[in-house]
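Read the numbers this way: they start at 1 and go in the same order the structure lists the ligands and their atoms.
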Amino acid sequence: MYSKEEQQHLNHLTKQLVKEDSDFSDSGKAESLRKVINYHDWRYYVLSEPVITDFDYDALFKQLKELEAQHPNLVTEDSPTQRVARALTDEFESVSHLASMLSLENSYNLADIEEFHKRVTGLTNTMDIEYCVEPKFDGASIALVYENDMLVRAATRGDGTVGEDITNNAKAIPSIPLSAPFSKFGIYKVELRGEVIITKETFERKNAERIAKGEKGFQNSRNTASGSLRMKDPNEVAQRGLEAILYHISFAEDKDGNNLIANKLQTHFENIEMLYQCGFKTPLKELKVCNSAQQVDDFINTWDAKRLTFHIETDGMVVKVNSLKMQQQCGSTSHHPRWAIAYKFAAKQAQSKLLKVEFQVGRTGAVTPVAKIEPVPLAGVTIASVSLHNEDFILEKNLLLGDTVIVERAGEVIPYIVGPVPDLRTGAEHKIHFPRNCPSCHSPLVKPEEEAVWRCDNVDCPAQTEERAIHFVSKDAMDIDGCGSSTIIEFIQRGFIKNIEDLYRLPYNEILKLEGWKEKSVSNLRAGIEDSKNRPLWRLLNALGIRHVGVTTSKDLAQHIQTIFDLENRSVEDLENIEGIGPKVAQSIFDFFQNESNIHLLTELKNFGVNTENRPEDARTKNNKLEGKTFLFTGSLQQFTRDRAKQLVEENGGKLLSGVSANLNYLVVGEDAGSKLAKAKKIPSIVVLTEEEFLKMVE
Ligand code: IVH
């Protein structure tokens, strides 16, 4: 997409623009800002390799927005500020695709692939056929039309001939370029096909957030992607974390209306390379060009194992004839092309028995039914417990206690109950009774009309306190080392913790007397608690467990306040004016800060020394390069101080450990490193880094 030189130029331009020290004309500045923002979007959303902090990116975006507000004539259709349009009040319009969106013929075993290969050899009259084999992404299909390098339309598949115009929603997906340099390749009008997906990680995170808010969980990533694409408000689409992968060119013309497919454009592989060059996310890294049916089989087999750890849900592989000429020779039926076939992986399913249903009370009081099943091995793990989401899910599936059930892991990490096998019922099954009182404190449960979840409203409910405290100390919240969920449960049982603020007045002398606690673990716990007083404000906001407020909203919110107590004075309207905060979230934040006991909690936390301020240094801690990675420094450091090392790790989202263990990812060694290095060498998973190598990682 961008040559080395272009990237260097854009990096340089970025620096100038961030410093605001150049003497551009207004239009020159707007153009430069657009260019660099588009470039950084590509690095972030397509390559996942950002070279700029979020802080600087936001500053550039703000400059462009302000400039465009002052000079509306400078706004261009493909300006990054134009991604999110207003909500639609009407239905989506129908639009005809430029080429029919056919589906793929399915196959389920390797013999089918051999059969397909035979058919293709017959249709093309040659044995010498190249195939491109790539993952079959499990999402919602989409067709994008670019004309004169601009995105002019996006549509759902619909009936294959006519789809729904979802252009404004597609624009809210940051990996879809608003303009793309097809003219460089002699293309004037082009229709692309691809899949809108949600990565496994984003799916799980968004789902957990929804369930915590009392909303219905999404069933799987495919439904989530297709549901999200058809939402009326592009603003909400932008929040869903969708991505688009483009894998087919169905129509391409030059300025004179000449068809370029199989004329100028030669192979599927080259098309994918070109799409990559034009800034799209594509299967380029995952695909393989194979020269025989055997190679195709082998490649499919490697993916059958790999797909469980692949970051995107795949339900199979697609085998495509590489040459576009040969594709034309094969032709299509009215349903599917004869030059491609989908190989579907067997869904990972197992049968088990529904033994009982437990009702768990979450930190917001939401009561979630959880199926306890006879433990069954499935795709590498033993499953004994599966969420049933809410009462409606149980009713829709018509589940009974004692039922034989089908459990599925279609690659999703979270297992799922497909349904009961009614034919295997013996008559001994029982109805599942959803409780009307809280299983923990016995208060009556309530369920607002529009919600799917029953909820316990008692703020002193012990189960909620437990969940709230577990959430408070968790990794995405206050990240308190040495204090996991079992510690919280134990402390609640012993009466050490009755509310969140008790975490900051733990009776360490008493804890030392407990079984399993030693000087060292108590001092680790104490250090973890002390450390948590110095967290950036967004962590405290997230830790409070305000309904509808997760990490993203907490970060948005923290940027707009000086201290957490500012939120006491914000109206619902004020809150709604913050980008990324909708009416429901605003109401929930407002309610939280109007509640005296919550303000009391925050005052107590502040008195204990917990940071409640938006500090300028936190704005820089935006990079997630080292997210999930653990570090330890040893020996005498020459390039930086210990404090700077700690800061660098934390600024980049990593974590420091205090000793060598299997949990350690990187040991950074200075001069004269001793026992820690010796110990680390015995653990093969630990990577030993020099100071320079570490600096390269964070540069
Ligand atoms: S090619 C004319 N490639 O699978 C052929 N499709 O069941 C165009 N899909 O409707 C499709 N990943 O939505 C192709 N790498 C991939 C795909 C893929 C997912 C979807 C697509 C299609 C469906 C067929």
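Remark: Lys232 engages Glu91 in a salt bridge, criterion side-chain N to carboxylate O under 4.0 Å. Salt-bridge annotation for Lys306 and Glu286: absent, with no side-chain N of the basic residue lying under 4.0 Å from a carboxylate O of the acidic one.
Tyr2 places no side-chain N or O within 3.5 Å of a backbone atom of Arg43 that could act as its donor or acceptor partner.
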Does ligand 1 have any N/O atom under 3.5 Å from a protein N/O, and what are those pairs and their distances?
residue  : atom   : partner : partner atom : Å
ligand 1 : 3 (N)  : Lys320  : NZ           : 3.0
ligand 1 : 4 (O)  : Lys136  : NZ           : 3.4
ligand 1 : 7 (O)  : Lys136  : NZ           : 3.4
ligand 1 : 9 (N)  : Tyr247  : OH           : 3.3
ligand 1 : 10 (O) : Arg193  : NH2          : 3.3
ligand 1 : 12 (N) : Phe137  : N            : 2.9
ligand 1 : 13 (O) : Ser141  : OG           : 3.4
ligand 1 : 13 (O) : Glu195  : OE1          : 2.8
ligand 1 : 13 (O) : Tyr247  : OH           : 3.1
ligand 1 : 15 (N) : Glu134  : OE2          : 2.8
ligand 1 : 15 (N) : Pro135  : O            : 3.0

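Partners of Thr76 according to the side-chain contact (heavy atoms from CB on, under 4.5 Å) rule, which considers only residues two or more places apart in sequence or in another chain, are Arg34, Asp78, Ser79. Shown here are the salt bridge (charged side-chain N to carboxylate O under 4.0 Å, His left out) partners of Glu273, two or more places apart in sequence or in another chain: there are none.
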Under 3.5 Å, side-chain donor or acceptor atoms of residues 129-136 against the rest of the protein: list the pairs with distances, not counting sequence neighbours.
residue : atom : partner : partner atom : Å
Glu130  : OE1  : Asn322  : ND2          : 3.0
Tyr131  : OH   : His117  : ND1          : 2.7
Glu134  : OE1  : His268  : NE2          : 2.9
Glu134  : OE2  : Lys320  : NZ           : 2.7

